[in-house]
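Okay, so here's the structure we're looking at.
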Amino acid sequence: MVLVVAISAKADEYAKWSKWAKSNPDWVTNTKPFNIISNVYYVGTQGIAAYLIVGDQGHILIDGGMPQSAKQIADNIEKLGYQTSDVKYLLNTHAHFDHSGGLAELKHLTGAKLISSKQDAQWLENGLYPGRIDDAYASEPVTVDIRVSDNDSVVLGNLSLQARLTPGHSPGCTSWVFDVSHKGQNKTVIVFGGASVAGNKLAPQEQYPGIIRDYQDTFEKVKAWSADVYLSNHPFYFRLQSKRLKKEAGDEEAFIDEKEFSRAMKKFERDFYKRLKEQQSKEAK
């Protein structure tokens with residue numbers, strides 16, 4: 001009886017997640033994995049990113065996609081010639097179901113430890129969307145093994161990734177920054193955690209206390225940052241498909257653009273203030 005109930009509950013969950021997949025089919029449509037630059041590989045779906053960072057003492061995987069995408073991501077790692085059992089750390093950009101939903105299964109498939117910001121850890125562990133108490137945007141709860149703060153580093157052999165908190169999109173939204181070697185030169189890569197408003201409420205009641213200030217602080221903070229390679233959790237933010245085609249055509253610098261990160265942050269900021277004004281206007285009415 002317990003087993004039947006458990007299976008039924010899981011089926012109900014997948015039915016809920018399938019509704020999101022139906023309205024955003026690219027979120028769960030698999031795509032062939034490929035090399036972005038140096039030891040950085042794309043292993044996500046067409047619409048939701050996941051990144052494999054290959055190291056000499058094991059690998060690091062950033063984000064887990066939708067709950068139903070975990071097996072796709074694991075298979076993509078294997079297609080590249082790497083073993084899922086060699087993934088030692090799972091990193092998360094933020095506790096939203098479309099990026100954290102597959103983490104529980106990926107922990108099971110890889111045996112890796114999950115690392116997230118302290119601020120988002122509770123939401124990963126209760127499976128809820130930050131700032132909500134209902135399960136409309138819920139995902140499968142997952143245990144966080146290591147909690148990091150701003151500027152903490154995750155080190156694994158020759159890999160060293162720095163956690164930089166960029167809250168707003170979620171309370172503990174985290175961008176991961178690291179260097180790679182490309183043709184004898186160091187290149188800085190940033191996997192940006194996100195700064196869109198998306199489903200967040202800014203007015204009349206904040207999604208979580210201080211969300212507006214968090215967005216504003218993040219936009220101010222990133223003005224001092226630079227990156228040679230800008231990556232994000234949704235491929236369209238950094239034109240992945242067009243760059244991929246260039247890379248496949250032989251352009252080894254397809255993903256290198258020192259000015260793209262700054263341009264992207266300015267757009268996020270403009271969009272934020274537009275959404276804030278819209279929500280405040282609705283409140284006034």
Side-chain angles (χ1 to χ4, degrees), residues 35-44 48-65 70 73-74 76-77 80 82-96 99-125 142-167 169-182 186-195 218 221-222 224-233 261:
N35 176 256
I36 292 175
I37 188 172
S38 186
N39 59 334
V40 183
Y41 295 84
Y42 188 87
V43 292
I48 298 179
Y51 302 98
L52 181 71
I53 319 300
V54 174
D56 60 4
Q57 294 184 30
H59 317 318
I60 293 175
L61 178 65
I62 301 179
D63 279 347
I73 293 172
N76 281 342
I77 292 172
L80 290 169
Y82 300 105
Q83 300 298 313
T84 54
S85 58
D86 287 332
V87 176
K88 303 304 180 184
Y89 289 135
L90 301 175
L91 309 184
N92 181 231
T93 57
H94 61 282
H96 288 176
H99 306 285
S100 64
L103 292 174
E105 186 172 352
L106 282 165
K107 275 194 75 172
H108 172 72
L109 292 171
T110 64
K113 292 183 178 180
L114 174 60
I115 301 176
S116 89
S117 66
K118 294 178 180 179
Q119 294 86 340
D120 270 16
Q122 63 171 314
W123 303 103
L124 291 171
E125 293 192 328
V142 57
T143 300
V144 176
D145 300 292
I146 301 172
R147 292 161 167 77
V148 294
S149 300
D150 195 23
N151 296 319
D152 282 353
S153 292
V154 173
V155 179
L156 178 65
N158 66 329
L159 304 179
S160 180
L161 283 70
Q162 185 183 53
R164 295 190 187 178
L165 264 60
T166 47
H169 194 58
S170 76
C173 187
T174 306
S175 296
W176 296 96
V177 182
F178 54 99
D179 288 339
V180 299
S181 177
H182 176 72
N186 280 341
K187 297 294 182 181
T188 298
V189 178
I190 182 166
V191 177
F192 188 64
T218 287
K221 183 179 185 179
V222 298
W225 296 3
S226 62
D228 299 295
V229 179
Y230 163 57
L231 306 175
S232 192
N233 41 49
F261 177 73

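Because only heavy atoms are used, hydrogens play no part in the values below, and waters and symmetry mates are left out as well, while side chains stay in. Sequential numbering from 1 along the given sequence is applied to the chain's residues.
The closest side-chain heavy-atom distance from T110 to L61 is not below 4.5 Å. Considering only heavy atoms from C-beta on, K88 stays 4.5 Å or farther from Q57 through its side chain. Two residues are said to be in side-chain contact when any heavy atoms from C-beta on lie closer than 4.5 Å; L52 and V87 meet this criterion. For the pair K113/L90, no side-chain contact is recorded, criterion being any heavy-atom separation below 4.5 Å from C-beta on. At least one side-chain heavy atom of P171 sits under 4.5 Å from a side-chain heavy atom of W123.
With sequence neighbours excluded, the residues satisfying side chain to side chain donor-acceptor pair (under 3.5 Å) with S170 are D120. With sequence neighbours excluded, the residues satisfying ring pair (Phe, Tyr, Trp, His ring centres under 6.0 Å) with H59 are Y82. Listed by chain and residue number, F34, Y51 satisfy the ring pair (Phe, Tyr, Trp, His ring centres under 6.0 Å) test with Y42 (two or more places apart in sequence, or in another chain). Every residue meeting the salt bridge (charged side-chain N to carboxylate O under 4.0 Å, His left out) condition with D150, not counting sequence neighbours, appears here in chain and number order: K221. Taking V180 as the reference, I37, S38, N39, V40, F178, K187, V189 meet the side-chain contact (heavy atoms from CB on, under 4.5 Å) condition, with sequence neighbours excluded. When the side-chain contact (heavy atoms from CB on, under 4.5 Å) test is applied to S226, no partner is found at least two apart in sequence or on another chain. For T93, the side-chain contact (heavy atoms from CB on, under 4.5 Å) test picks out I62, D63, H99, W176, V191, N233, with sequence neighbours left out. D179 meets the side chain to side chain donor-acceptor pair (under 3.5 Å) test with T188; sequence neighbours excluded. D145 is linked by a salt bridge (charged side-chain N to carboxylate O under 4.0 Å, His left out) to K107, counting only residues two or more places apart in sequence or in another chain. S232 pairs by the side-chain contact (heavy atoms from CB on, under 4.5 Å) definition with F192, Y230, Y237, F238, not counting sequence neighbours. When the side chain to side chain donor-acceptor pair (under 3.5 Å) test is applied to Q122, no partner is found at least two apart in sequence or on another chain.
With Y41 as the fixed residue, the side chain to side chain contact (heavy atoms under 4.5 Å, CB included) test singles out one of N76, V54, I36: V54.
To the nearest 0.5 Å, the span separating CG on L80 from CD1 on I77 amounts to 8.0 Å. Taken to the nearest 0.5 Å, the CG atom of L103 stands 5.5 Å off from the CG atom of N92. Between the OG1 atom of T166 and the CD1 atom of I190 there is a distance of 7.5 Å, given to the nearest 0.5 Å. S175 OG to Q162 CD: the interatomic distance, rounded to the nearest 0.5 Å, is 10.5 Å. To the nearest 0.5 Å, atoms NE2 (H96) and CD1 (I48) are separated by 12.0 Å. T174 contributes atom OG1, which lies 12.5 Å from atom CZ of R164 (distance to the nearest 0.5 angstrom).
Closest non-hydrogen pair, A70 versus G102, comes out as CB-O, 3.6 Å. Considering all non-hydrogen atoms of both residues, S181 and N186 come closest at CA-OD1, 4.5 Å. Closest heavy-atom contact between A163 and V148: CB-CG2, 4.0 Å. A pairwise comparison of heavy atoms in I73 and G65 identifies CD1-N, 4.1 Å as the closest pair. Annotation for A121 and R147: closest pair CB-NE, 3.4 Å, computed over non-hydrogen atoms. Nearest heavy atom pair, residue S100 against residue A95, reads OG-C, 4.0 Å.
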Give every donor-acceptor pair under 3.5 Å between a side-chain atom in residues 152-159 and any protein atom, sequence neighbours left out.
residue: D152; atom: OD2; partner: S149; partner atom: N; Å: 2.8
residue: N158; atom: OD1; partner: D56; partner atom: N; Å: 2.9

